[in-house]
2 protein chains.
Amino acid sequence: MIDRHIAKLRARDELSSQEEDAIRAAVAEVRIYEPDLTVIRRAEQLTHSTLLLDGFMCRYKDLSDGQRQISELHVSGDFVDLHSFTLKYLDHDIMTLTPCRVALVPHEKLQEITEQHPHLARLYWFLTNIDAAVHREWELSLGRRSAVARIAHLFCELQVRLCIVGMADDRGFELPLTQAELAECSGLTAVHVNRSLKALREDGLVEFRRSRVELRSLEKLRMLAEFDPMYLYVDRRRR
Amino acid sequence: MIDRHIAKLRARDELSSQEEDAIRAAVAEVRIYEPDLTVIRRAEQLTHSTLLLDGFMCRYKDLSDGQRQISELHVSGDFVDLHSFTLKYLDHDIMTLTPCRVALVPHEKLQEITEQHPHLARLYWFLTNIDAAVHREWELSLGRRSAVARIAHLFCELQVRLCIVGMADDRGFELPLTQAELAECSGLTAVHVNRSLKALREDGLVEFRRSRVELRSLEKLRMLAEFDPMYLYVDRRRR
DNA sequence: CGTGCCCTTGAGTACAATCAACGTTCGTGG
DNA sequence: CCACGAACGTTGATTGTACTCAAGGGCACG
């Protein structure tokens, strides 16, 4: 059930079977959510963290005029609010983008895990630090990359992250988002995302149609985006 | 010596004297750095974390054409690379913006602290999560706020963070950065930062001259920026 | 088979970038 | 003490990327 989460961890470090058991034992409940549902609200007191099993979710903030900025996309296997374990409440909202299946992990269980498995504690701390690394890369995109490069970079990132959980390969992956949602990720308008996708398509780099990203030339796409996956820390080493 | 760091922690949680002692005992060495010096390089293996005692530093990434994006500013009392404890190497560079005095804390000491002081371990985990919260707020600025609002928001953030360590009040604070460096924070060009500062000055909100931010109307500035300090988690509660 | 959501395209606009020149400040050395 | 130079700041003119507004098309679902 939480195999994709285990795969995400094992892509970064070794995990003993005891540690794996401890994680599996921490799941209290499984829930199904509708698409377009704000599951966690800013400033709300939280007593558990949410592990995304299936579907796509995101973190976002918005301004008073309704403009929205998505700060990270979540895929299967991601803890969408592991940081709530230490923060107790979040500075942002979290919503589903598609129908989702999630597992709830009470903070008490996380507390037990971190006390009884110090290595696992560091590993989870490490996971929240990867989130921060993703935020930094997005800051670079939002601040300095062109519209086309922002979208290219986003596709490159998702390709690597989805590969880890067996949901992408070199040819492409499912991505059930609208162009408006891509715009909210990339700090653009939906219209401009549409034009940028057209440019990427016409240059033979990537096609985005019917909820699927078709990679025509992953190498050229990475070059255009100046994508270097090192910020995702996909290397097995002792953490 | 590390009083500002202690103040930063105490603004978020209670700290026992044993915990304080453990932190003080962790400092191995104090160093002085020149301004404009890249102290930590991307991908470099790290064995200690750097605590900023005095001065201003920043995290940044740049693109091949030389464009740079600063992803966070660091002030006195900040651990500039606490995340290197779990990451082992960073995805970004860290440089000084002014002359700086720093304390080095070996990762072994951090390991001891986290093993012997579980509460302190969570508190340091929490600190890295605040960094991520700052990154998210900057993503919102970079993606959705206007040029003027980005700069206004940056000043508001720094005012709160510097207040915590006693280096700002309601009237202003020292900020020894160039307009070009503000541009690298806000995803703008130096020329446009200059024009935006002029607009802020002429509207009577804030003046930035000779390394100092003079707050003419903090309330209006916060309104313009839609600044809400909650993302900085300045509330004392059990972490 | 209509209705609504999403995608696409065009025309006009605006905000920020670029290019360029000039002003100011400050440190340094004659 | 003043002259010079470099770095930083300021302003104007022009360009360009992305936004806005608007209309039409495709597709899925009831």
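The chains referred to below are lettered A, B, ... by the order of the sequence lines, with proteins before strands, and numbering in each begins at 1.
Put simply, CG on A:L197 is 9 Å from P on C:dC7, counting in whole angstrom units. Separating the CD1 atom of B:I151 from the P atom of C:dC15 is a distance of 15 Å, rounded to the nearest angstrom. D:dT20 atom P lies 12 Å from atom CZ of A:R195, rounded to whole Å. The NZ-P distance, from A:K198 to D:dA18, rounds to 16 Å in whole Å. Nucleotide D:dT10 holds its P atom 11 Å from the CD atom of B:E202, rounded to whole Å. The separation between A:L182 atom CG and C:dT8 atom P is 11 Å, rounded to whole Å. Distance CZ (A:R209) to C1' (D:dC27): 14 Å, rounded to an integer number of Å. Rounded to an integer number of Å, the gap from CG of A:L175 to C1' of C:dC7 is 16 Å.
Side chain of A:E202 to main chain of A:A199: no donor-acceptor pair is present (N/O by atom type, distance under 3.5 Å, no hydrogens or angles).
The side chain of A:R201 lies closest to C:dT8, out of C:dA16, D:dG9, C:dT8. Closest contact between the side chain of B:V191 and the listed nucleotides D:dG12, D:dC19, C:dT8 involves D:dG12. Which of C:dA16, D:dA18, C:dC7 sits closest to the side chain of A:H192 comes down to D:dA18. Of the candidate nucleotides D:dC8, D:dT10, C:dA16, D:dC8 has the atom lying nearest to any side-chain atom of B:T178. Looking at the side chain of B:T189, the nearest of the listed nucleotides C:dA16, C:dT8, C:dA17 is C:dA17. When the nucleotides D:dG9, C:dC7, C:dA17 are ranked by their closest atom to the side chain of B:Q179, D:dG9 comes out on top. If you check C:dC7, D:dC19, D:dT10 against the side chain of A:L188, the one that comes closest is D:dC19.
The base of D:dT17 has none of its N or O atoms less than 3.5 Å from a complementary donor or acceptor on the side chain of A:R144. With hydrogens and angles left out, the side chain of A:R210 and the base of D:dG26 share no donor-acceptor pair within 3.5 Å.
Of the candidates B:R4, B:M57, B:R161, B:H5, B:R161 is the only one forming a side chain to side chain contact (heavy atoms under 4.5 Å, CB included) with B:D78.
Counting non-hydrogen atoms of neighbouring residues, nucleotides and ligands closer than 6.0 angstrom, the NZ atom of B:K220 reaches no more than 12 such neighbours. Around the CD atom of A:E219, the shell of radius 6.0 Å holds no more than 12 heavy atoms that belong to other residues, nucleotides or ligands.
Looking only at side-chain heavy atoms (C-beta outward), B:Y89 and B:E44 stay at 4.5 Å or farther from each other.
For C:dT8, one of the phosphate oxygens OP1 or OP2 lies less than 4.0 angstrom from a side-chain nitrogen or oxygen of A:N194.
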